[in-house]
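Reminder, nothing fancy here: chain letters follow the sequence lines and each chain counts from 1.
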Amino acid sequence: MTLSRKPLKGMRELTPGEKRIEDYVIKRLREAGVAYGFEEYETPVLEPLELFLAKSGSELAVKQSYNFTDKGGRKLIMRPELTPSLARMVAASGELIYPVKWMSFPVCYRYERPQRGRVREFVQFNLDILGVSGLEAELEVFLVLRRIMSSLGASRGQYVIRYSSRKLASGILESCGITEEEMAQAYAVIDKKDKIKPDEWEELVRKTIKDERNADTIIKFASCSDPDVPWLSEAAGGSEAFDEIVRFSGMLKDAGILEAQFDASVVRGLDYYTGIVFEVMDTGGKNRRAICGGGRYDNLVGMFGGQKVTGVGFGLGLLTLDLFLETYDLMPEGISGKHPADIFLAVYSDGERAFAVNFAEKLRDVGISVEIDITGKNLSKQLKIADRKSIGYIVVIGPEEVVSGRITLRNMTSGIETECEVSEVSGILIDRNLCGEAN
RNA sequence: GCGACCGUAGCUUAAGGGUAAAGCACCGGACUGUGGCUCCGGGUAUUGGGAGUUCAAAUCUCCCCGGUUGCCCCA
């Protein structure tokens, strides 16, 4: 019986080339967070099931998660998302300086069928602001999102930040008499709007919401693409939620965030959102899933007892982001093939090995990444290996070099050779690396 | 959980009832003082698994497994 060569269904397995791509994206995300003063934190992968039962919704916590009973009889879950853990951590921390601005790169798990943009083990980027109840928090989060997208090379028009308000939606639905139990159904059907054809969607709404007038209200509401449309101001004018969304829309315009668009059909799936909700979508037809989803959750931290702490944040899927970057050809050229070693030392024969190893150690001492031959193959083969690993420089260490102390440094890209003393190599490499592009 | 499509060498594919084949990759050599090029040699396969039809199955049928993708749900 031979062992399977595949990892478990949907589990994450990255080759060094794939890992380099992920590292590049993570670096950009982290830089964007740091630019606004966000700090990094971590929480456990394994959590008590109850943490997610109450807060994420049972669909996610039970049906779509890896959960099990451990040897001590405790019901556990592999986290399907991060926010409840963050809320607990904040609730438990005594001496935080608000506003808390934190970010993390959690590996999360969902028990679902893998498909485009969806796997069972995935990394996302979470960024949250806690302790700010004003819309300035939402605005800053939107600014971070725009910076992320532009730093990765996305241009306006390739993506859109769609936003709406849970408070506004629930207010409209309640005021027209939609019952508590219809509410979840109503959200679900509103969320469908952009996923199917307009006439099919209307049909679905009428089929789901029996009362004709309520169905009309839902159709009219979900079709609002500006908070200022007459129908909406008539239906919700004067309410706190309406004032808020109008004000936020104005703040976004003032800040020049033109990629943000109000869209009342944005709902987001998580149960704990209380205010503005938003998502980043590819505007093209190829990637139909949100790259990022988030919103305001003002009651989450308070559920742990103690004081109420407001929050706004998002989760951004690295996989959906990758698909976006691939779609628009935004991955930097050659990034997956870039080998870490700066220089390759070819060893002519075993007689020079001790000399070469010592030389390599000296280079490493000053921060140069060195790969030295350890195969003992002939020179031609050694150089072929260095070439195929795309290592930038090579040096051959043979009897002549050992005797003279002079070596020939070859740039493998240009083919240019530089003859110099062994002691000069590190200086030359460091100078050139500083001049080269730093990624 | 439901549906559609697809499974042949490490990868991409060919053979559509009659000897499993090619390119790339890989390994060895020409070649122990210089990589990308060239030449020579090597096939690495239970054709995803099992059953059935047939003198004969990679090929036809059925079941299972796996992959991709859509739905549910969502990063």
Side-chain angles (χ1 to χ4, degrees), chain A residues 1-2 4-10 12 15 29 56-65 79-83 104-127 184 187-188 191-192 195-196 204 267-271 277-282 286-295 313-324 344-352 373 375-402 407-415 417:
Chain A
M1 168 103 186
T2 54
S4 170
R5 299 185 195 179
K6 289 176 191 159
L8 288 173
K9 190 200 289 286
R12 199 169 78 104
T15 61
L29 293 169
S56 302
S58 67
E59 171 77 25
L60 182 57
V62 182
K63 219 178 133 199
Q64 305 249 52
S65 77
R79 62 180 174 206
E81 55 138 348
L82 188 67
T83 313
S104 195
F105 294 89
V107 178
C108 296
Y109 298 83
R110 291 197 188 169
Y111 195 86
E112 65 178 337
R113 191 82 167 263
Q115 54 199 281
R116 184 173 173 82
R118 289 291 175 270
V119 290
R120 292 181 160 188
E121 180 183 48
F122 58 95
V123 180
Q124 61 179 43
F125 174 55
N126 273 78
L127 181 138
Y187 279 142
D191 191 51
K192 281 268 184 306
K195 290 172 184 155
I196 55 180
L204 181 69
V267 174
R268 303 313 306 163
L270 300 170
D271 288 351
V277 286
F278 56 89
E279 60 193 19
V280 173
M281 293 292 293
D282 182 345
K286 211 173 164 192
N287 301 307
R288 308 302 297 266
R289 281 166 221 285
I291 295 165
C292 154
F314 63 79
L316 184 154
L318 264 59
L319 179 55
T320 44
L321 183 59
D322 268 0
L323 290 173
F324 174 85
F344 182 88
L345 298 194
V347 183
Y348 182 72
S349 70
D350 280 342
E352 297 78 42
D373 177 71
T375 66
K377 293 184 181 191
N378 69 44
L379 206 50
S380 170
K381 285 267 193 301
Q382 290 185 36
L383 296 179
K384 193 170 177 180
I385 289 167
D387 177 47
R388 298 201 42 211
K389 289 194 176 192
S390 303
I391 299 173
Y393 290 89
I394 59 127
V395 158
V396 174
I397 306 295
E400 294 165 21
E401 285 78 7
V402 171
I407 56 95
T408 302
L409 180 68
R410 181 191 300 176
N411 180 321
M412 291 291 269
T413 315
S414 63
E417 299 190 339

message = Can you tell me whether the base of rG16(B) sits syn or anti, using the 90° cut around 0 to define syn?
response =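 Syn conformation for rG16(B).
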
Would you mind classifying the nucleic acid contact of [X] as base, sugar-phosphate or nothing, using non-hydrogen atoms under 4.0 angstrom?
{"X": "G398(A)", "result": "base"}
{"X": "T320(A)", "result": "sugar-phosphate"}
{"X": "A290(A)", "result": "sugar-phosphate"}
{"X": "L318(A)", "result": "nothing"}
{"X": "V119(A)", "result": "base"}

Heavy-atom donor-acceptor pair, [X] side chain to [Y] backbone, under 3.5 Å:
{"X": "R288(A)", "Y": "M281(A)", "answer": "no"}
{"X": "Q382(A)", "Y": "K377(A)", "answer": "yes"}
{"X": "R110(A)", "Y": "Q64(A)", "answer": "no"}
{"X": "R289(A)", "Y": "R116(A)", "answer": "yes"}

Interatomic distance where [atom1] belongs to [X] and [atom2] belongs to [N] [whole Å]:
{"X": "R110(A)", "N": "rC73(B)", "atom1": "CZ", "atom2": "P", "answer": "13 Å"}
{"X": "Y187(A)", "N": "rC73(B)", "atom1": "OH", "atom2": "P", "answer": "16 Å"}
{"X": "K377(A)", "N": "rU34(B)", "atom1": "NZ", "atom2": "P", "answer": "18 Å"}
{"X": "D373(A)", "N": "rG33(B)", "atom1": "CG", "atom2": "C1'", "answer": "14 Å"}
{"X": "L345(A)", "N": "rU34(B)", "atom1": "CG", "atom2": "P", "answer": "18 Å"}
{"X": "N378(A)", "N": "rU32(B)", "atom1": "CG", "atom2": "P", "answer": "5 Å"}
{"X": "L270(A)", "N": "rC73(B)", "atom1": "CG", "atom2": "P", "answer": "13 Å"}
{"X": "Y393(A)", "N": "rU34(B)", "atom1": "OH", "atom2": "C1'", "answer": "18 Å"}

Using the [atom1] atom as the reference point in each nucleotide, state the distance between [N] and [M] in Å, no decimals.
{"N": "rG42(B)", "M": "rG3(B)", "atom1": "P", "result": "50 Å"}
{"N": "rC74(B)", "M": "rG17(B)", "atom1": "C1'", "result": "48 Å"}
{"N": "rA21(B)", "M": "rA15(B)", "atom1": "P", "result": "15 Å"}
{"N": "rA57(B)", "M": "rU13(B)", "atom1": "P", "result": "27 Å"}
{"N": "rG16(B)", "M": "rC60(B)", "atom1": "P", "result": "11 Å"}
{"N": "rC37(B)", "M": "rG43(B)", "atom1": "P", "result": "24 Å"}
{"N": "rG29(B)", "M": "rG35(B)", "atom1": "P", "result": "16 Å"}
{"N": "rC24(B)", "M": "rC62(B)", "atom1": "C1'", "result": "37 Å"}

request  = Establish, yes or no, whether the cationic atom of R120(A) lies under 6.0 Å from the six-membered ring centre of Y111(A) and within 45° of the ring axis.
outcome  = yes

ask   = Toward the 5' end of RNA chain B, which comes first, E401(A) or K195(A), by nearest nucleotide?
value = E401(A)

inquiry  = Pick the closest RNA chain B nucleotide for E400(A) and for Y111(A) by heavy atoms, then say which residue is nearer the 5' end.
reply    =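 Going by which nucleotide is closer to the 5' end, it is Y111(A).
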
Donor/acceptor link under 3.5 angstrom from E352(A) side chain onto base of rG33(B) =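 Side chain to base: no pair below 3.5 Å.
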
query = Which heavy-atom pair separates E401(A) from I397(A) by the least distance, and what is that distance?
reply = OE1-C, 4.1 Å

query = Which atoms form the tightest heavy-atom contact between L383(A) and M412(A), and what is the distance?
reply =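 In terms of heavy atoms, the two residues are closest at O-CE, 4.2 Å.
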
remark   = Symbol by symbol from the 5' end, with Watson-Crick or G-U pairs under 3.5 Å, [ ] crossing and | another strand, RNA chain B is (((((((..((((....[..)))).(((((.......))))).....(((((..]....))))))))))))....

ask   = When rounded to the nearest 0.5 angstrom, what distance separates CD1 in I196(A) from CG in L204(A)?
value = 5.0 Å

query = Regarding Y109(A) and E121(A), is there a side-chain donor-to-acceptor distance under 3.5 Å anywhere?
reply = yes

Would one find a side-chain N or O of [X] under 4.0 angstrom from OP1 or OP2 of [N]?
{"X": "K192(A)", "N": "rC73(B)", "value": "yes"}
{"X": "K384(A)", "N": "rC37(B)", "value": "no"}
{"X": "Y348(A)", "N": "rG33(B)", "value": "yes"}

Kindly give the atom pairs (protein nitrogen or oxygen, nucleotide nitrogen or oxygen) under 3.5 Å for nucleotides 67-70 of chain B.
unit_1, atom_1, unit_2, atom_2, d
rG67(B), OP2, K9(A), NZ, 2.7
rU69(B), OP2, R116(A), N, 3.2
rG70(B), OP2, R116(A), N, 3.3

ask   = Between rG35(B), rU34(B), rC73(B), which one does the side chain of D387(A) approach most closely?
value =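 The nucleotide sitting nearest to the side chain is rG35(B).
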
request  = Counting heavy atoms from C-beta on, name the nucleotide in rC74(B), rG33(B), rG35(B) closest to the side chain of V396(A).
outcome  = rG33(B)

query = Within a radius of less than 6.0 Å around CZ of F105(A), do more than 12 heavy atoms belonging to other residues, nucleotides or ligands occur?
reply = yes

message = Could you go through L29(A) and L318(A), starting from their C-alpha distance and side-chain angles, then the distance that decides it, and tell me whether this counts as side chain to side chain contact (heavy atoms under 4.5 Å, CB included)?
response = CA-CA 10 Å; L29(A) 293 169; L318(A) 264 59; 3.7 Å; yes

